[in-house]
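Below, read A as the first sequence line, B as the second, and so on, with proteins coming before strands; counting in each chain starts at 1.
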2 protein chains.
Amino acid sequence: MKNLDESLLVHVPPFRKLSRAQIRDVLDLAVPKRFDPAALIFEEGMDADRFYLLLDGHIRVIRTTEGGDQVIALHIVAGQLFGIAAAIGRTTYPATAMAVDECLALSWPSDKWQSFVSSYDGFATESYKVVGERMGEMNNRIVEMATQHVEQRVARAVLRLINQSGKKVEGGIEIDFPITRQNLSEMTGTTLHTVSRLLSGWEKNGIVKSTRRRIVVTDAHRLVVLSEKSA
Amino acid sequence: MKNLDESLLVHVPPFRKLSRAQIRDVLDLAVPKRFDPAALIFEEGMDADRFYLLLDGHIRVIRTTEGGDQVIALHIVAGQLFGIAAAIGRTTYPATAMAVDECLALSWPSDKWQSFVSSYDGFATESYKVVGERMGEMNNRIVEMATQHVEQRVARAVLRLINQSGKKVEGGIEIDFPITRQNLSEMTGTTLHTVSRLLSGWEKNGIVKSTRRRIVVTDAHRLVVLSEKSA
DNA sequence: GGGGCTCTTTGTTCTTGATCAAACTTGGGA
DNA sequence: TCCCAAGTTTGATCAAGAACAAAGAGCCCC
């Protein structure tokens with residue numbers, strides 16, 4: 001438990017400005033944990049007792065409506081903080097976090113947040129920058145949902161995924177975690193049927209290539225064009 | 001300029017915990033300004049050199065797409081901070097702020113943000129609570145847009161407005177600033193035509209009563225029912 | 001190596017709400 | 001007082017995408 005290597009945090013933005021000794025202190029307070037694919041890390045409404053740093057894997061942040069519809073709010077990639085309800089004055093988690101693939105995360109008790117902010121220079125700044133980026137992303141999604149058609153929204157969602165978690169493969173860029181048409185529909189507010197038809201169409205035009213749970217973008221440029229097609 | 005009364009800030013959340021002397025200091029740094037209806041306070045992309053506190057009136061926060069569509073992100077009511085790009089590590093404003101009616105606001109240079117946070121206990125906590133609330137609202141809107149029909153979205157938008165800025169009048173609750181069908185459509189991602197038809201329908205059913213730029217909700221309960229109608 | 005679960009595809013029909021098109025109303029300003 | 005701009009209503013048509021319905025395909029586990 002106590003032998004986490006300091007190199008883990010050296011390159012992670014919120015901790016980048018900390019000294020070796022400070023990182024040691026932070027790590028000594030951290031609890032590492034592994035999650036299997038589809039494991040729930042915390043659920044919407046739960047008491048927000050810990051905050052997390054994802055070291056490896058991908059996390060999906062989900063909200064569920066009373067009607068049972070799921071909406072994917074965002075994906076977290078390695079190196080990002082999540083579950084930081086404490087940072088924005090919340091006592092419960094606003095959404096559910098689920099491991100997409102095998103994940104490794106560190107966590108700390110939420111009541112440590114305050115002391116991190118005051119003890120470690122740069123920690124607050126970097127963390128709130130993350131908050132700002134997420135707000136920006138959310139804002140963009142609202143604008144998209146309000147003004148764009150389904151095809152453009154799905155195109156953007158795919159582009160965002162390859163930007164955040166794209167892996168170069170021969171013939172294009174692959175989303176490097178498993179994702180279904182259903183998932184994509186939950187990110188864009190449409191149905192899996194419509195997403196399936198869109199992907200089939202794009203595949204016919206040589207823009208993407210996809211198999212079960214995997215998507216490779218072969219012509220990102222044309223996807224960008226699609227995503228911008230007149231409002 | 002220097003004779004702002006301290007009572008202005010005593011009941012405003014971010015400053016609530018400050019001493020009389022501290023409030024004096026804060027006020028001495030503040031620049032008050034009045035804005036006419038429809039005046040732009042700052043625009044998306046502008047250098048975020050100041051942050052604001054709205055003392056009176058209503059502000060509309062707007063994003064405009066390349067295609068010229070406008071989306072209303074949120075409304076700010078008296079007592080709220082806005083333009084707090086500095087708080088989330090941004091150097092430009094992420095959206096445009098426009099006065100809806102006659103407004104009075106205080107503003108401070110953005111570089112004072114850091115010193116406010118460190119000098120005044122409770123300021124950071126309260127401010128980030130506001131950030132958290134806005135994130136929650138944005139999140140809800142994303143979920144709504146993804147899962148609900150237009151009628152439900154418009155109903156919710158109206159309910160939100162009367163919650164935030166409702167004024168009791170005989171016969172119901174009125175949204176206490178001027179708002180057009182067009183505005184409502186920009187809040188919900190639909191067209192003014194559809195909003196007009198919905199409002200006409202509701203009026204026929206005795207749920208609302210509206211004239212040019214004014215909306216009175218006469219039966220909030222039934223509006224809630226409408227807004228929840230099966231996903 | 002088969003069974004079953006999960007994911008995907010594809011066809012058809014139907015509904016919502018956008019788009020197009022005008023006319024009407026209201027209130028402020030010349 | 002009249003005019004005009006801004007805001008509102010209403011009708012008709014149309015298209016995007018949801019809903020309904022099945023059938024296929026890939027993968028994991030036994």
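Counting only residues at least two apart or in different chains, ring-ring contact (aromatic ring centres under 6.0 Å, His included) contacts with residues 182-211 of chain B are absent. Listed by first and then second residue, the salt bridge (Lys or Arg N to Asp or Glu O under 4.0 Å) pairs involving residues 193-214 of chain B are B:Glu174-B:Arg214 (not counting sequence neighbours). Sorted by first and then second residue, the pairs that involve residues 155-173 of chain B and meet salt bridge (Lys or Arg N to Asp or Glu O under 4.0 Å), not counting sequence neighbours, are B:Glu144-B:Arg156, B:Glu144-B:Arg160.
Take B:Thr218 and apply the side chain to side chain donor-acceptor pair (under 3.5 Å) test, not counting sequence neighbours, and it matches no residue. For A:Asp49, the side chain to side chain contact (heavy atoms under 4.5 Å, CB included) partners two or more places apart in sequence, or in a different chain, are A:Asp47, A:Tyr93. Listed by chain and residue number, A:Trp108, A:Trp113, A:Phe116 satisfy the ring-ring contact (aromatic ring centres under 6.0 Å, His included) test with A:Phe51 (two or more places apart in sequence, or in another chain). Under the rule for a salt bridge (charged side-chain N to carboxylate O under 4.0 Å, His left out), A:Glu133 has no partner lying at least two apart in sequence or in another chain.
Summary for the helix from C:dG1-D:dC30 to C:dA30-D:dT1: the axes at its two ends, each from 5 pairs, differ by 40° when rounded to the nearest 10 degrees.
Between B:Thr194 and C:dG17 there is no side-chain N or O to OP1 or OP2 distance below 4.0 Å. Considering only side-chain N and O atoms, A:Thr191 lies nowhere under 4.0 angstrom from the phosphate OP1 or OP2 of D:dG17.
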Given B:Thr65 and A:Val143, is the side-chain contact (heavy atoms from CB on, under 4.5 Å) satisfied, shown in steps?
CA-CA 8 Å; B:Thr65 67; A:Val143 171; 3.4 Å; yes
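Straight-line distance from the NE2 atom of B:His149 to the C1' atom of D:dA19: 10 Å, rounded to whole Å. Put simply, CG on B:Leu192 is 13 Å from P on D:dT10, counting in whole angstrom units. Taking atom CD on A:Glu151 and atom C1' on D:dA15, their separation rounds to 14 Å, with Å as the unit. Straight-line distance from the CD atom of A:Gln148 to the C1' atom of D:dA16: 15 Å, rounded to whole Å.
Remark: B:Ser196, B:Arg197, B:Ser200, B:Arg212, B:Arg213 in residues 196-215 of chain B come within less than 4.0 Å of DNA chain D through at least one heavy atom. Across residues 169-184 of chain A, A:Thr180, A:Arg181 each have a non-hydrogen atom less than 4.0 Å from an atom of DNA chain C (numbered order).
Residues B:Arg50 and B:Ser107 bring a donor and an acceptor atom of their side chains to less than 3.5 Å of each other.
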Please report, to 0.1 Å, the donor-acceptor pairs under 3.5 Å made by any side chain of residues 76-90 of chain B, with sequence neighbours excluded.
from    : atom 1 : to      : atom 2 : distance (Å)
B:Arg90 : NE     : B:Thr92 : O      : 3.4
B:Arg90 : NH2    : B:Thr92 : OG1    : 3.4

Under 3.5 Å donor-acceptor pairs involving side-chain atoms of residues 32-43 of chain A, not counting sequence neighbours:
from    : atom 1 : to       : atom 2 : distance (Å)
A:Arg34 : NH1    : A:Asp36  : OD1    : 3.2
A:Arg34 : NH1    : A:Glu102 : OE2    : 3.0
A:Arg34 : NH2    : A:Asp36  : OD1    : 3.3

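On a pure distance criterion of 3.5 Å, no polar donor-acceptor pair joins the side chain of B:His193 and the base of D:dT8.
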